[in-house]
**Q** 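Have a look at the structure that comes next, please.
Predicted model, so just to flag it, every value in this text is computed and none were measured. The chains referred to below are lettered A, B, ... by the order of the sequence lines, with proteins before strands, and numbering in each begins at 1.
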Number of protein chains: 4
Amino acid sequence: MERAGPVVESKVSVRYAETDAQRVVYHANYLVWFEVGRTAYCEAAGYPYARMEADGVFIAVIEASARFRKPVRYGDIVTVRTRFGGMRSRGCTFRYEVALPDGVIAAEGETHHIFIDADGRPRRVSPAVTRAFRFFAGA
Amino acid sequence: MERAGPVVESKVSVRYAETDAQRVVYHANYLVWFEVGRTAYCEAAGYPYARMEADGVFIAVIEASARFRKPVRYGDIVTVRTRFGGMRSRGCTFRYEVALPDGVIAAEGETHHIFIDADGRPRRVSPAVTRAFRFFAGA
Amino acid sequence: MERAGPVVESKVSVRYAETDAQRVVYHANYLVWFEVGRTAYCEAAGYPYARMEADGVFIAVIEASARFRKPVRYGDIVTVRTRFGGMRSRGCTFRYEVALPDGVIAAEGETHHIFIDADGRPRRVSPAVTRAFRFFAGA
Amino acid sequence: MERAGPVVESKVSVRYAETDAQRVVYHANYLVWFEVGRTAYCEAAGYPYARMEADGVFIAVIEASARFRKPVRYGDIVTVRTRFGGMRSRGCTFRYEVALPDGVIAAEGETHHIFIDADGRPRRVSPAVTRAFRFFAGA
């Protein structure tokens with residue numbers, strides 16, 4: 001992860017529901033873990049995402065990608081490391097790493113977002129959101 | 001299934017995402033298949049559930065139960081058989097069977113529902129919904 | 001919950017992925033939370049389920065039921081309370097409550113299980129598993 | 001989609017379970033739909049994926065990406081168009097489009113895969129798989 005700024009860590013215990021018939025975590029579930037990381041990041045930045053929505057700022061995912069390097073299994077407790085990848089007037093980016101207990105990176109990825117209103121229309125981000133993320137990032 | 005009334009059948013191809021590390025379908029996914037069956041039932045009754053919601057009638061699940069008799073695996077195409085279990089002024093019931101290709105019942109269950117409005121408050125069912133279900137059930 | 005024995009508590013932060021278009025947690029996900037509770041229970045009893053599987057004892061769900069009393073939303077952190085409902089030579093039962101932060105019960109349910117081997121055949125539970133659960137239950 | 005070769009189409013009816021609190025399909029579920037497309041592609045190529053696994057060839061996802069252009073809602077029936085993106089000795093690629101009923105592209109993406117054996121070790125693809133995909137692609 002090339003950018004500066006804080007890294008927020010979340011612990012995730014693998015659920016049996018998240019495994020598949022290859023006895024490893026089904027790949028789409030990493031995107032859900034990225035969401036867990038995003039939730040933790042907003043919380044750590046002082047602006048929980050549930051409050052953002054209550055304030056009329058919804059974040060939609062417009063692009064997501066992930067590289068899966070090592071399998072993760074039921075019984076593993078992974079660490080999701082989330083970093084803010086930058087804010088624009090109409091969107092933002094997050095980057096993620098999923099680390100196994102021994103520190104090995106199991107997966108990494110990024111998601112790109114736009115801000116929308118309650119009716120799904122693109123909107124500018126509110127100053128309050130910008131302020132929270134900037135302050136937290138020390139920028 | 002003891003009650004009279006039409007049975008609506010839906011074919012479901014097992015997704016890899018639905019399997020777990022025991023190489024069989026994870027049990028919670030049967031509740032999702034029951035929902036597939038419910039959707040098909042409302043469609044067959046002439047009142048698709050998406051239209052019900054557009055008309056202000058939302059159906060919430062207040063109780064669900066299932067018995068899992070035989071494992072289902074990736075590659076299987078199962079048949080979900082859905083039957084209406086009865087209407088009350090504030091709720092209704094559906095019953096389900098999940099059959100393997102050879103006719104063996106893999107699972108069965110039932111769900112109990114109440115009608116709510118867009119804000120989640122209990123409401124009486126609309127006459128249009130009652131009429132559709134009664135007409136379809138031949139009652 | 002009528003039976004004696006320890007209650008194991010797990011905290012679950014609602015994921016956006018777990019919500020549905022009614023803006024509440026989709027009902028099938030409570031069964032996944034019950035599994036989170038079961039995992040925590042086995043861990044607390046000193047015999048993590050991943051180790052059970054490594055020792056050749058697999059637990060399959062043969063029956064599940066749940067009552068949904070109050071909606072749960074993104075942003076909520078619920079407590080899953082898991083209790084052992086009894087052991088037989090070929091199966092066991094767990095009971096669950098999902099509590100909202102204010103203590104209100106959002107849902108409750110139970111699951112019934114049989115023990116199987118790696119090939120999915122029913123088997124007797126191993127003495128080691130019985131011992132762990134009995135010792136933990138103080139029975 | 002720049003490459004030649006057949007396109008396999010799969011119809012997917014949106015499940016309520018796949019929606020989220022923004023009342024649209026949760027983004028991670030598109031990866032599951034891509035898997036539905038891959039399953040249909042292998043079937044159309046004459047070598048169903050379940051049979052590949054029975055023959056000892058497992059396909060693991062090592063990379064996935066998707067762009068989400070338009071929201072998809074409960075009640076929509078989308079078409080997943082899957083195309084083969086090329087075979088190498090140790091892996092292959094698939095490309096996907098998700099189209100709304102009016103033909104508008106709701107999402108597109110690609111997945112990269114390696115072949116592994118039953119124990120998760122990388123292996124060369126079997127000639128039978130190569131033959132099926134090449135023959136189907138008319139190459």
**Q** With a 4.5 angstrom heavy-atom cut-off, which part of D/Ile59 approaches chain A: side chain, backbone, both or neither?
**A** backbone
**Q** Quick one: list whatever passes side-chain contact (heavy atoms from CB on, under 4.5 Å) with A/Ala44, sequence neighbours left out.
**A** A/Val8, A/Phe136
**Q** Among the options D/Val24, D/Ile62, D/Val32, pick out the one with the most heavy-atom pairs lying under 4.5 Å from chain A.
**A** D/Ile62
**Q** In terms of heavy-atom pairs under 4.5 Å with chain A, which of D/Ala28, D/Ala21, D/Pro71, D/Ala60 leads?
**A** D/Ala28
**Q** So for atom CD1, which belongs to D/Ile77, do other residues, nucleotides or ligands contribute more than 12 heavy atoms lying within a distance under 6.0 Å?
**A** no
**Q** Could you list each donor and acceptor atom pair linking chain D to chain A at less than 3.5 Å?
**A**
| from | atom 1 | to | atom 2 | distance (Å) |
| --- | --- | --- | --- | --- |
| D/Gln22 | NE2 | A/Tyr49 | OH | 3.1 |
| D/Gln22 | NE2 | A/Ile59 | O | 3.1 |
| D/Tyr26 | OH | A/Glu35 | OE1 | 2.6 |
| D/Glu35 | OE1 | A/Tyr26 | OH | 2.6 |
| D/Tyr49 | OH | A/Gln22 | NE2 | 3.2 |
| D/Ile59 | O | A/Gln22 | NE2 | 3.1 |
| D/Ile62 | O | A/Phe68 | N | 2.8 |
| D/Ala64 | N | A/Ala66 | O | 3.0 |
| D/Ala64 | O | A/Ala66 | N | 2.9 |
| D/Ala66 | N | A/Ala64 | O | 2.9 |
| D/Ala66 | O | A/Ala64 | N | 3.0 |
| D/Phe68 | N | A/Ile62 | O | 2.8 |

